[in-house]
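A quick write-up on the structure given underneath.
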4 protein chains.
Amino acid sequence: MGSLIEDIRKEQIISTAITTIADKGFINTPLSEIAKEAGISKGVISYYFKSKDELVKKVMDKILSDSKKYINKVVAGEKTASGKITAYISASFNYMEVNKQHFDALVDLWGSITAHEEKLNFNKKNYDPCRHFIEEIIRAGIKSGEFVSIDVRLAASLIQAVIDGVMIQWLFDENAINLKDARDEVAKVWKAYFFK
Amino acid sequence: MGSLIEDIRKEQIISTAITTIADKGFINTPLSEIAKEAGISKGVISYYFKSKDELVKKVMDKILSDSKKYINKVVAGEKTASGKITAYISASFNYMEVNKQHFDALVDLWGSITAHEEKLNFNKKNYDPCRHFIEEIIRAGIKSGEFVSIDVRLAASLIQAVIDGVMIQWLFDENAINLKDARDEVAKVWKAYFFK
Amino acid sequence: MGSLIEDIRKEQIISTAITTIADKGFINTPLSEIAKEAGISKGVISYYFKSKDELVKKVMDKILSDSKKYINKVVAGEKTASGKITAYISASFNYMEVNKQHFDALVDLWGSITAHEEKLNFNKKNYDPCRHFIEEIIRAGIKSGEFVSIDVRLAASLIQAVIDGVMIQWLFDENAINLKDARDEVAKVWKAYFFK
Amino acid sequence: MGSLIEDIRKEQIISTAITTIADKGFINTPLSEIAKEAGISKGVISYYFKSKDELVKKVMDKILSDSKKYINKVVAGEKTASGKITAYISASFNYMEVNKQHFDALVDLWGSITAHEEKLNFNKKNYDPCRHFIEEIIRAGIKSGEFVSIDVRLAASLIQAVIDGVMIQWLFDENAINLKDARDEVAKVWKAYFFK
DNA sequence: AATGAATGAGCTTTCATTCAT
DNA sequence: AATGAATGAAAGCTCATTCAT
């Protein structure tokens with residue numbers, strides 16, 4: 001358990017699952033298709049993942065944690081609250097741009113979360129940390145006097161919301177919106193908002 | 001074609017499909033379940049809809065056009081560009097709040113749009129009109145001198161984005177964000193942005 | 001539910017299941033094989049039976065209740081306790097002889113009862129009634145003075161035991177034991193036992 | 001061939017197979033489970049047994065030959081035919097009682113004998129020797145004048161039958177029948193029968 | 001001798017769709 | 001118009017067996 005080859009295989013399967021789901025859609029992606037794309041036999045997937053559901057969960061975890069890791073690293077490179085907010089927004093859009101498949105797959109997999117409890121759980125694991133992360137930055141900015149005093153919780157939600165909303169438009173049509181323009185404009189709007 | 005009873009039946013099926021999909025998730029909603037919920041036989045659905053895919057498309061159309069109809073009506077009640085923008089945002093959130101099931105179903109059905117062409121088509125039919133609608137309002141506001149001059153296309157996208165993004169957070173956890181607060185805050189932010 | 005065609009189909013499927021399992025063995029009888037033998041499609045079985053397990057249960061119920069029905073009827077034709085005991089034994093062997101397939105299938109299906117609770121349940125539903133039935137006869141015989149006083153519970157168990165034991169030998173090799181001879185000998189032994 | 005380690009391994013696998021099958025049922029016992037229980041790798045089983053079927057055969061052989069060995073030894077300790085019959089019956093029940101798992105597994109494995117030829121073969125290898133063994137005792141008893149003259153073949157069959165039949169009732173519910181009582185009663189009945 | 005990753009045939013089950021009534 | 005029995009393709013999953021190490 002936890003052997004090298006196991007980790008490699010799991011990684012390979014998750015990775016192939018992402019590209020395949022992004023390409024054909026979750027509903028049109030049986031395990032056999034992922035296996036075929038990965039050049040392995042169907043049984044291997046069942047060998048490493050207890051069920052399709054478990055694989056899907058691991059896929060979503062991977063997409064979100066990779067994204068989070070990148071963004072956090074970029075933000076950590078900034079000192080000021082203002083710099084951090086801008087970095088968060090920039091990093092979000094930049095990462096999105098070079099990892100479109102990940103988000104294509106992610107949005108597709110939302111539909112696989114059906115139970116109410118699962119939704120709450122997904123939210124708690126994925127959205128809450130993002131919001132909290134932004135909240136902390138804003139709070140620090142208010143404390144240091146950089147930002148005006150605002151509803152931190154709500155502001156964090158709205159920042160995340162505009163990022164996600166832009167992403168959706170872009171996923172449905174790459175040409176509908178230019179990510180770099182959106183990035184710059186969002187940064188501008190929120191600076192205006194925070195600095196009064 | 002288009003007889004009264006036919007229209008009633010189709011409406012009934014679409015409506016039941018929405019509530020059932022919202023409740024159990026698209027993946028867990030076979031046609032037989034919709035039929036059962038509607039109190040009709042399975043065959044009727046196939047009789048009125050060429051395929052499940054067609055029904056799904058009609059369901060999405062219905063959700064989006066109902067929403068659009070309501071919003072447009074509210075917006076039409078306003079005279080100024082500023083009033084119209086505020087009305088658009090308010091109406092969007094208000095409608096969302098009383099029609100949660102519709103959007104639960106909608107997000108669930110996104111995953112059923114798999115082909116690239118279908119995505120472009122969905123975007124063209126659903127997002128583009130929204131954006132254009134907002135664009136027109138902004139354009140009128142700029143022309144009349146109400147608003148400062150801004151990138152109309154982008155501004156429209158961002159307004160729609162923040163609405164959609166909030167919706168997603170709310171769909172995953174009703175308690176994660178208060179829709180009325182979000183509505184008021186979004187209105188405030190954008191007024192600040194447009195008026196200088 | 002409970003329509004005529006439903007009952008016919010269920011009966012047909014159960015009946016075919018018995019002959020197929022008797023012929024090829026439970027382990028070598030996928031649902032597809034039963035369907036093929038019955039000249040219907042695989043899906044029909046799932047349509048009428050929730051699961052393979054449910055079908056198996058119904059099959060065992062059918063085998064045992066048919067047998068019980070026949071035996072009880074024969075026994076009811078006798079007046080004296082002695083006549084009833086002999087009738088029970090005779091009927092058991094006679095029924096066995098013309099319904100070999102049923103018992104081939106039954107013994108094969110024993111292996112499908114795995115959980116401890118299921119075994120107890122199977123016993124309670126199938127063995128207990130048989131034993132109780134014999135016990136009642138013996139008790140009546142003792143009361144009427146026909147039989148000597150014996151351990152009723154144990155005697156009933158042993159009568160059933162010798163019948164079942166003979167059956168097993170016969171199922172494994174029809175020529176290993178002559179059912180009619182066994183029938184007569186068992187009757188003789190037990191009469192000797194009961195009458196002192 | 002037949003090295004010490006090989007024999008130990010085979011013995012270990014067969015032994016573990018018995019307890020595992022008795023516990024979970026043959027259908028729910030993949031080779032991997034036996035391997036796990038035995039603390040060895042799956043491949044070892046395939047290494048020592050050509051197929052699962054072969055292992056099953058060896059398991060049944062082991063169960064039956066162990067039982068036979070014990071019974072024969074006990075019987076050999078008796079001088080008279082009467083003593084030998086009583087010993088056979090007693091030994092059968094006593095062995096059963098302390099080796100319940102073996103018979104749980106055995107009954108479970110009956111279902112794996114599917115081909116007609118296999119059944120005949122199983123019978124020839126297992127039942128016939130038992131019956132012959134009893135027959136010889138009875139024959140000697142008749143010859144020596146201990147027993148009345150009876151149908152030896154049939155008598156042997158019935159003795160084995162009642163033992164097997166009691167076992168089955170007991171396997172399905174340990175509390176349904178008391179093995180010691182059954183043992184004593186069976187001995188009593190048959191003595192009465194043989195001695196006239 | 002032993003391992004356990006890998007295979008793939010084969011299973012049960014689901015379900016969109018068809019069609020006789 | 002409506003029913004629901006029937007179909008059969010396709011899915012997820014299990015597992016005996018193989019084989020490189």
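Order of the sequence lines fixes the chain letters, A, B, ..., with proteins taken first and strands second; residue numbering starts at 1 for each chain.
- In this structure, A:Lys50 places its NZ atom 16 Å from P of F:dC15, rounding to the nearest Å.
- Here E:dG4 presents its P atom at 15 Å from CG of A:Leu4, a figure rounded to the nearest Å.
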Protein-nucleotides 8-11 of chain F N/O pairs under 3.5 Å:
residue	atom	partner	partner atom	Å
F:dA10	N6	C:Lys42	NZ	2.9

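- Atom pair A:Ile45:CD1 and E:dG8:P shows a separation of 13 Å (rounding to whole Å applied).
- For the OP1/OP2 pair of E:dC15 and a distance below 4.0 Å, the side-chain nitrogens and oxygens of C:Ser46 include no atom meeting the criterion.
- Regarding B:Lys24, its NZ atom lies at a distance of 16 Å from the C1' atom of E:dC15, rounded to whole Å.
- The CD1 atom of D:Ile13 sits 13 Å away from the P atom of E:dA1 (whole-angstrom rounding).
- In this structure, C:Phe49 places its CZ atom 15 Å from C1' of F:dA6, rounding to the nearest Å.
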*How does DNA chain E read in dot-bracket, base by base from 5' to 3', with Watson-Crick or G-U pairs under 3.5 Å and | used when the partner is on another strand?*
.||||||||||||||||||||

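- At a threshold of 4.0 Å, the pair C:Glu11-C:Lys58 does not count as salt-bridged, since none of the basic side-chain nitrogens sits closer than that to a carboxylate oxygen.
- Between D:Tyr47 and E:dA2, a side-chain N or O to OP1/OP2 separation shorter than 4.0 Å is absent.
- Counting any heavy atom pair closer than 4.0 Å across all strands shown, D:Tyr48 reaches sugar-phosphate atoms only and no base atom.
- Atom CD in C:Gln12 sits roughly 14 Å away from atom P in F:dA5 (whole-Å rounding).
- Residue whose closest nucleotide on DNA chain F sits further toward the 5' end, between C:Ile5 and B:Arg9: B:Arg9.
- With hydrogens and angles disregarded, a donor-acceptor distance shorter than 3.5 Å links the side chain of D:Ser65 to the backbone of D:Asp61.
- Applying salt bridge (charged side-chain N to carboxylate O under 4.0 Å, His left out) to C:Glu54 and the options C:Lys57, C:Lys52, C:Lys50 leaves one that passes, C:Lys50.
- Atom-to-atom, NZ of A:Lys36 to P of E:dT7 comes out at 15 Å; the value is rounded to the nearest Å.
- A:Thr19 has its side chain out of reach of A:Asp23: every pair of non-hydrogen atoms, C-beta onward, lies at least 4.5 Å apart.
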